[in-house]
Amino acid sequence: MINDKTDDKINDIDVKKLVGKRIREYRQKHKMSQEAFAEVIEIDSKHLSNIELGKNMPNPQLLLKIARTLNIEIKDLFEFYHLLPPKELKDAINTLVSRLNDEQLQMTYKYIKAFVL
């Protein structure tokens, strides 16, 4: 967890929509159509569409089947801080950075600098 403030923001966000987005991200990463993926996990493609749109939440057994099919852990479907709006994401990053010791701060700077051209 990042912090209580960020966790509160996550609580305000529709978890069904975020889980749906994560499933779509992983499915697309595996270059699978909704129809093909739905067939593999043995559900109707319309149901998968509703899950990815955040209208339906998969039950625990379906979450397990989805995770196994995508070769990930179930927890990966619930890691969606990167989906926060940019302002909230920057706030969360700043909170984390403020907790670093000097050595960690130097290392973090090197990592960030590598991504900023």
Side-chain angles (χ1 to χ4, degrees):
M1 292 190 200
I2 293 180
N3 68 31
D4 292 338
K5 184 178 176 184
T6 303
D7 289 340
D8 288 344
K9 289 178 184 177
I10 288 291
N11 291 335
D12 293 340
I13 296 173
D14 189 341
V15 173
K16 289 191 300 188
K17 286 185 180 180
L18 292 173
V19 169
K21 284 182 179 184
R22 290 295 282 161
I23 291 169
R24 182 183 311 119
E25 280 180 344
Y26 279 109
R27 175 183 58 76
Q28 290 174 339
K29 182 179 177 183
H30 283 79
K31 300 184 185 334
M32 294 183 77
S33 68
Q34 277 188 337
E35 292 77 18
F37 188 63
E39 187 175 323
V40 171
I41 61 173
E42 301 173 320
I43 64 171
D44 184 73
S45 60
K46 180 69 174 163
H47 183 51
L48 177 59
S49 176
N50 285 333
I51 289 170
E52 289 187 357
L53 291 172
K55 294 179 181 178
N56 294 346
M57 182 69 176
N59 65 43
Q61 274 309 117
L62 183 53
L63 282 172
L64 181 60
K65 189 179 281 190
I66 289 169
R68 285 181 176 166
T69 301
L70 296 170
N71 199 27
I72 60 173
E73 295 180 35
I74 290 177
K75 71 174 183 64
D76 296 330
L77 297 173
F78 292 90
E79 292 176 350
F80 34 67
Y81 284 107
H82 69 285
L83 298 173
L84 289 172
K87 165 92 173 81
E88 293 178 23
L89 188 56
K90 285 179 182 178
D91 290 345
I93 290 170
N94 286 332
T95 299
L96 289 173
V97 168
S98 71
R99 295 178 182 171
L100 300 176
N101 65 36
D102 290 345
E103 183 179 337
Q104 292 169 324
L105 185 60
Q106 289 171 341
M107 184 81 64
T108 301
Y109 175 80
K110 289 179 185 179
Y111 288 134
I112 292 172
K113 185 147 173 73
F115 290 105
V116 179
L117 302 175

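Along the sequence shown, residues are numbered consecutively beginning with 1.
A 6.0 Å sphere centred on CG of Asn94 holds more than 12 heavy atoms belonging to other residues, nucleotides or ligands. The number of heavy atoms from other shown groups lying within 6.0 Å of CD (Gln104) is above 12. Dense packing is recorded around CG of Asn101, with more than 12 heavy atoms of other residues, nucleotides or ligands lying under 6.0 Å away.
Judged as a salt bridge (charged side-chain N to carboxylate O under 4.0 Å, His left out), the pairs with a partner in residues 43-55 (not counting sequence neighbours) are, in order, Arg24-Glu52, Arg27-Glu52.
Distance CG/Leu105 to NZ/Lys110: 11.5 Å, rounded to 0.5 Å. The CD atom of Glu88 lies 12.0 Å from the CD1 atom of Ile93; values are rounded to the nearest 0.5 Å. Expressed to the nearest 0.5 Å, how far CG of Leu77 lies from CG of Leu63 amounts to 6.5 Å. The CG atom of Asn56 sits 10.0 Å away from atom CG of Leu62, with the distance rounded to the nearest 0.5 Å. Of the inter-residue distances, the one linking Thr69 atom OG1 with Glu42 atom CD reads 8.5 Å to the nearest 0.5 angstrom.
Applying the side chain to side chain contact (heavy atoms under 4.5 Å, CB included) test to His30 and every residue at least two apart in sequence or in another chain returns Met32, Leu70. For Met57, the side chain to side chain contact (heavy atoms under 4.5 Å, CB included) criterion is met by Lys16, Val19, Phe78, not counting sequence neighbours.
Between Lys75 and Glu79 there is a salt bridge, since a side-chain N of the basic residue sits under 4.0 Å from a carboxylate O of the acidic one.
A distance-only check finds no donor-acceptor pair linking the side chain of Ser49 to the backbone of Ser45 [under 3.5 Å].
Arg68 has its side chain within reach of Leu64: a pair of non-hydrogen atoms, C-beta onward, lies under 4.5 Å apart.
Residues Ile23 and Val15 fall within the same hydrophobic cluster, defined by Ile, Leu, Val, Met, Phe, Trp and Tyr side chains chained together at heavy-atom separations under 4.5 Å. Under a hydrophobic-cluster definition in which Ile, Leu, Val, Met, Phe, Trp and Tyr are linked whenever side-chain heavy atoms come within less than 4.5 Å, directly or via other members, Ile112 and Tyr109 are assigned to different clusters. Criterion: ILVMFWY side-chain heavy atoms under 4.5 Å apart, direct or through other members. Under it, Leu53 and Tyr26 are not part of a common hydrophobic cluster.
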- Query: Passes side-chain contact (heavy atoms from CB on, under 4.5 Å), Ile51 versus Ile43? Steps please.
  - Reply: CA-CA 11 Å; Ile51 289 170; Ile43 64 171; 4.2 Å; yes

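Nearest heavy atoms, Ser33 versus Ala36: OG-N, 3.0 Å.
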